[in-house]
Amino acid sequence: MNQQRNGTTSSQEAVIANTLKDLIESSKYLSQHLEGLSADLAATGNLDLYSGSLTAAYNRLKSTLGRSPDIVIRKLTLGASEIPAMVAFVDGQISDSILDRDALMLGELATPAITDPSTLFSALESHFLAVGNLKTSKKWSEIVPFMMLGMTVLAIEGVAKVMLLDTTKFPARSVGQDQAEPSIKGPQEAFTEVLLTQMNQLRRRLPSQSLRFEPFTVGTDTHTQVLVAYLADVANPDIVWAVKTRLGAIQRASVQTSNEIGEYLTDRRWTIFPQLRLTDRPDLVARNLDQGKVAILTANDPTAMLLPNTLIDFYQTTQDYSTPFWDGSLMRVVRLAGLIIGLYLMPSYIALTSSNTDLLPIKLLLTITGARQGIPFPPVVEVIIMWLIIEILREAANRLPQQLATTIGTVGAVVVGTAIVKAGLVDSLMIIIVTLTALGLFTVPAIEMASTWRWLFWIFVGAAWLFGVYGLVLITVVTVVHVTSLENFGVPYLSPFGPIRISDLSDSWIRLPFPQLQRRPITLRTLLPHQAEPDPVHPVLDLHRAQTRFRS
Amino acid sequence: MRRYWRILALLPLVIMLTGCWTNRPVEERSLVLAMGFGPAPHGRVAVTVQVPTRTGLTSLTGTSGSGGSQSAQVYSLSAEGSTPGSALSRIQGQVQTDVYLGQIQLLVFSRNLTRRQFLLIERFLTRLAPMDKTAFVIATPSIRQFFHTLTAAGQIPALVLASGFKCRQCATVTYNQTQWDLEMSIPTPGSSLWMPYVIPIPTGFQTDRILVYRGLQPVWALSPRDTILLGYLLGRTGKGYLSLTVDGERLGVRMIQASPHVSAKVVNGRLVMRFNLALSGTLDTWTGQTLTPTSVNHLDAAIDRQVAAETLRVMKRLQADGAIPGNNWLAPFIWRQEPGWRNAATWEAQYHKAGLIVHTEFHFNDVGDSM
């Protein structure tokens, strides 16, 4: 009993000791912080300004950031006169080689000896070469965020400003193949998470002097770097202005992905139709920039956003332009057919087998009725069962590694499909319809549009069940009216079909040969409407006598 | 806000316009493929419907039915009533599923229906909402026998007959009539009602005759040969056949194509109608001597004479029976002829006492190796 009591007492003492230790530690940091603040306040009269006191700077940085193990704050001396200085950076976010090289350079400043700190500061400012970017600041509200983003802070005793050296080097993956929008032919590479790499990838494809990258910082906590990219001599300035204005107005603590920004930029927030084309493909972004669109690149997210967009933009892929125009056009028509089948096949089946039985040809109706004999559920429940299976399989395949995903697909298609028909829960026709519907809806190249159709699909299914063919027509009309009413940065969403833009039709559901694509999309109202000169007439070559005779 | 009120006001309309209240899966319906009407005692009407069995349905998909191939493909339900509607409601009382009339392929009328019964049925059919007007109509001597006859191949009878009527090149003469034609013929002067006359036989159905009505009363069931001849005159030949005797020898001509032209003229106040019939066909049978160009011409002339005479006989019989050879057949003449005859009733009255001339012109397309 006594032993137990002794044990309890010793653990309570340990807790108290730890609490006291934390309290002392916190008091120490608080006192350090207050010392730093009071030193800067006394010297500058402003808490946000750096006073030039290394001790104050050290105290402020150490007390606010210094508790984290990745924060490195080091005091050193510079030059033969051994002027006190301080370097601070986030370990892991900077390039060691750059810092080491610059440190060597600092040592060379020994002769002739510089005794004045301000002269030393200026000398250093003009000598740093290896760093990508160099800036000075005296505001703590700038110094700390830049340091967090990978810059190295260099402060010299007695100089009331610090040097911010761009030694940023994030751990980043190499440029890889695009997985989300695969292409059989044409470019294959995808963006990475690093903004600089994204810029490089675009520059390589668009080495135009008018290519602009305008930086923005979004997120009060994350300070996420965002770039607005456009071709200054092509893109409509009103669109660029609108994008920049909307981007600048975003007030948010954290921005981790590009979509978080994108949802601030759209004209109609609640519509199920996507207004931003999200892509990981630099070639697609480059092509669209050249057409007069604006791209938004976000740090730490390989997905770029393109705007403004029309419905047809979500059906165009790089591969359409990498293959002969007959192939490209055929692929687009197949996608359209896939959309119609995916959207209407199953709702039509429900409508025609439940409400509007009289519209089916008799032989087809009898075939369907024969197949449905003994099925315990009405068609709409069958659809729900089958589509839930499809969605679960889809999600499972998305979450699993590639090798397992293939297995899941096989299991879903073969085992579940066969078993469910044999069990008599779903008729065999439904399997065909579900398969065609799923394949049809998966032909959409842009994943953001695919989910739109999936939502609409359910609305169609509900309308078909409740109202039959009338419901399908009703929802179609509502959808068309809605899409017609949509605008995206002043660009009609249904263009070039509504309003009709004849020249834009040449690159819509079909693609004409490149010599015929002489104009940029009219709907974007670009500064340079022409992208190509008229096709030159080639001289006729007569290499064989028969050709000459035939032509004459 | 006003916009939302407008949408809200439209909502009941949207819902009430729909057919969602009758929404029922197809397997829970008894799909009526054929509906027959016959006379019943005391002026009542007997209605019979033909519905595919489960075996019949599954046999179409290739999945085996519970009864196998020996089971019946269809079953029939019958009831009598003072009106077709009351008979139909009695039929509905005999089954647990919805008797669905939206897919009727065949409407079968008994030859023995009285004028009053026929009119009652037609008025009922005109108002029968789920049924469209594309169902084929036929006449038959006995409704009971018709609905108890199976086809030789064991297929669903209504489907076999409807498929035959749909195919223009399948029958010798295409005499199909739809409910729409029937509705158009009944109230129209200058039209006569006629229907394919389908007779059940042990191996299926004989479909090579038509039944002609005067008003709503059947007057003449044409023989198969007369039906073909009338078909030539109306331009409804698919692949006709004629068997004749010329100079005591048998002559057969197949694949006959007919191109008719009818003209009307008023001579001394009397209507004279001239039928020019251009015929062509392939020699099929000839038991006489080897053919020469001269003898072929002789055969052509012989066929002309015989076909003209027989066709004239058919037309005169129709005229005597007070029937007109087709739906709206006289309509094209109304605006071309006598200014005083500007209505179909006048033309119909004049047609019944008109002089008829039939002129035929036959030539062989092919006589084979017999020359």
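Quick note: numbers below take in every heavy atom, side chains included, and nothing from hydrogens, waters or symmetry partners. First the proteins, then the strands, lettered A, B, ... as listed; each starts at 1.
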- Task: Please state whether the side chain, the backbone, both or neither of B/Pro52 comes within less than 4.5 Å of a heavy atom of chain A.
- Result: side chain
- Message: Between B/Gln105 and chain A, with a heavy-atom cut-off of 4.5 Å, which part of the residue counts as in contact: side chain, backbone, both or neither?
- Response: side chain
- Message: Can you tell me which residue among A/Pro492, A/Pro499, A/Pro496 is in a side-chain contact (heavy atoms from CB on, under 4.5 Å) with A/Thr523?
- Response: A/Pro492
- Message: Using the rule side-chain contact (heavy atoms from CB on, under 4.5 Å), only one of B/Leu77, B/Leu101, B/Thr83, B/Val32 pairs with B/Leu88; which is it?
- Response: B/Leu101
- Message: Are B/Tyr197 and B/Tyr175 an aromatic pair, judged by ring center distance below 6.0 Å?
- Response: no
- Message: Need one label for A/Leu360: side chain, backbone, both or neither, based on atoms under 4.5 Å from any heavy atom in chain B.
- Response: both
- Task: Please report the C-alpha distance between A/Arg372 and A/Thr353 in whole Å, then the side-chain angles of each, then the deciding distance to 0.1 Å, and finally whether the side-chain hydrogen bond (donor to acceptor under 3.5 Å, both in side chains) criterion is met.
- Result: CA-CA 10 Å; A/Arg372 293 193 51 76; A/Thr353 55; 5.5 Å; no
